[in-house]
There are 2 protein chains.
Amino acid sequence: MTPRPISQWLAAKLGLRQLILDGELGAGDRLSELRLAARLGVSRTPLRLALGQLEHEGLLEALPGGGFAIRSFSRDQVADAIDLRGVLEGSAARLAAERVRGPRDLGELVSCVAQLDRIVDPDRAEVEDFEFYVELNERFHTELVALSRSDALHAAYEHALALPFASPSAFVLLQAELPASHHTMLDAQRQHHHLLDAIESGDGDRAEQVARDHARLALANLDSALGSADALEKLPGGSLIRLEQAASRARR
Amino acid sequence: MTPRPISQWLAAKLGLRQLILDGELGAGDRLSELRLAARLGVSRTPLRLALGQLEHEGLLEALPGGGFAIRSFSRDQVADAIDLRGVLEGSAARLAAERVRGPRDLGELVSCVAQLDRIVDPDRAEVEDFEFYVELNERFHTELVALSRSDALHAAYEHALALPFASPSAFVLLQAELPASHHTMLDAQRQHHHLLDAIESGDGDRAEQVARDHARLALANLDSALGSADALEKLPGGSLIRLEQAASRARR
DNA sequence: CGATTGTACCCTGCATGCAGCGTGCGCTCC
DNA sequence: GGAGCGCACGCTGCATGCAGGGTACAATCG
């Protein structure tokens, strides 16, 4: 994004987020500014700025005695986050359907779907390039929100995506190992087509409905992921999700 | 909220937000940290934390050369923000309808509606205590979101309300002077009743629909407010809204 | 042996000093 | 007289010093 003049606080924010997502900092841990600063190679001042941002984004929680801890999430909280994404994408789809002026606006979306078609080719038993799939999928969803032309919605969407497991592609890497993988992707791709079609024909209601359904796929995947603990490892930020009944140890 | 151990950065955040909302800092202005720090009585360090937060909330925008400026909003951006609030409240209403267990959960909501009934009594020509109305109205909407029991939705809602004119009560003070005031409030109160009823009967679809319609009232008020420049003064953060065609002077 | 209290350390939050940079104004040259 | 160049100021972003407080450990008392 901003390659050259990368400010210290941005480096801290990105670096810290990466550390959290990679699970190198366990959920619930209290963060030591000094240690973190050393680890990230930044000073405490920009680090504290980054901490404030990540708290606002919901990845950290401020502790009463001062300082921050890494938030952890229950299964229901994750599900709600995914549901929220569905709502926001639904609203974006509706607005897109209402506001798209001509076919030119949909170029990017059409291109994404076409490329996705090639990747999830039903004739092949397996999807090969998951990385490319992820990229295209994210581009599709990003473009969808962009088409809504609503700054407020865009901001809310970005905010919702701060929770990594709410991302549209959160479960793709997981699917790479799931048996029903290809089937799920075909479903998803069908929905992409339906969504595109609804937007093209200006049918806001249907577009919203399809987009919400689309997010429900992720919900289904969530519970299958929660089954095995090492499936969580595959999820971005999976280490932040706590398995309820399994470990009822009190945190803090 | 947190009265006693008010930290410096919280003071800065609240103080700065107040300054912005009161229009004491014109939209588009570049902020000088030094001057602001002096004015707010805090040091630069906590102030910069507050600046970062307010940028994240969308009240400020980071300038390319460094520093921040007060954002300004077009009519469409404001409308989209209100629409987004409608979407979020709609989703909250749906979840509330689905998740409410017993009548006890609805106690607060029922109480709000009952008290609102007394205030907007149709037999009276005028509503007297606007301040109390605002408080009750906000409690109603806050409680609605709380009933959804979705942390993600709650966070998104709070985020959306950072834009002051998107607040559910943004236009109430305006209505105090509008001719159709009482009529609008009666409409709104009817919707409150419908919303409560839909939630009580577990009808998520209808609850969502009503909540969205409810937000549309604000949209209507918006355009009537944009008519006169001094009506904007009555709006919280009204000074942030720029009148498009009227003043096409380039900012920055 | 357990509980309570005292102490010392670490850690957060804040203030301030400092360097790099962009900007605006003035001076000079054309 | 206008335009271009240079200089100096102010400002942001960052680093670090410092004070207050909370916590954990240990020592002592019951």
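Reminder, nothing fancy here: chain letters follow the sequence lines and each chain counts from 1. Values below: every heavy atom of this structure, side chains too, minus hydrogens, waters and symmetry copies. In this text the structure is predicted, and so the values were computed from the model without any measurement.
Taking only side-chain nitrogens and oxygens, B:Arg48 never comes nearer than 4.0 Å to OP1 or OP2 of C:dC14.
One N or O donor and one acceptor, one from the side chain of B:Arg44 and one from the base of D:dG13, sit under 3.5 Å apart.
Taking 4.0 Å as the cut-off between side-chain N and carboxylate O, A:Arg149 and A:Asp105 count as a salt-bridged pair. In summary, A:Arg17 and A:Asp22 do not engage in a salt bridge, as defined by a charged side-chain N under 4.0 Å from a carboxylate O.
Rounded to whole angstrom, the span from the CD atom of B:Gln8 across to the P atom of D:dA19 amounts to 17 Å. A:Arg30 has its CZ atom 8 Å from the C1' atom of C:dT12, to the nearest Å.
Among the protein residues, B:Leu31 comes within range of the sugar-phosphate backbone only, with heavy atoms under 4.0 Å from sugar or phosphate atoms but none that close to a base.
Of the listed nucleotides (D:dA15, C:dG13, D:dC14), D:dA15 has the atom at the smallest distance from the side chain of A:Thr45. Across D:dT12, C:dA15, D:dC14, the shortest atom-to-atom separation from the side chain of B:Glu33 is found for D:dT12. When each of D:dC11, D:dA15, C:dT12 is scored by its nearest atom to the side-chain atoms of B:Leu34, the top-ranked nucleotide is D:dC11. Considering only side-chain atoms of B:Ser32, the nucleotide from D:dC11, D:dA15, C:dA15 that sits closest is D:dC11.
A side-chain donor-acceptor contact under 3.5 Å links B:Arg242 to the backbone of B:Ser72.
Side-chain contact annotation: B:Glu89 with B:His214, donor-acceptor N/O pair under 3.5 Å absent.
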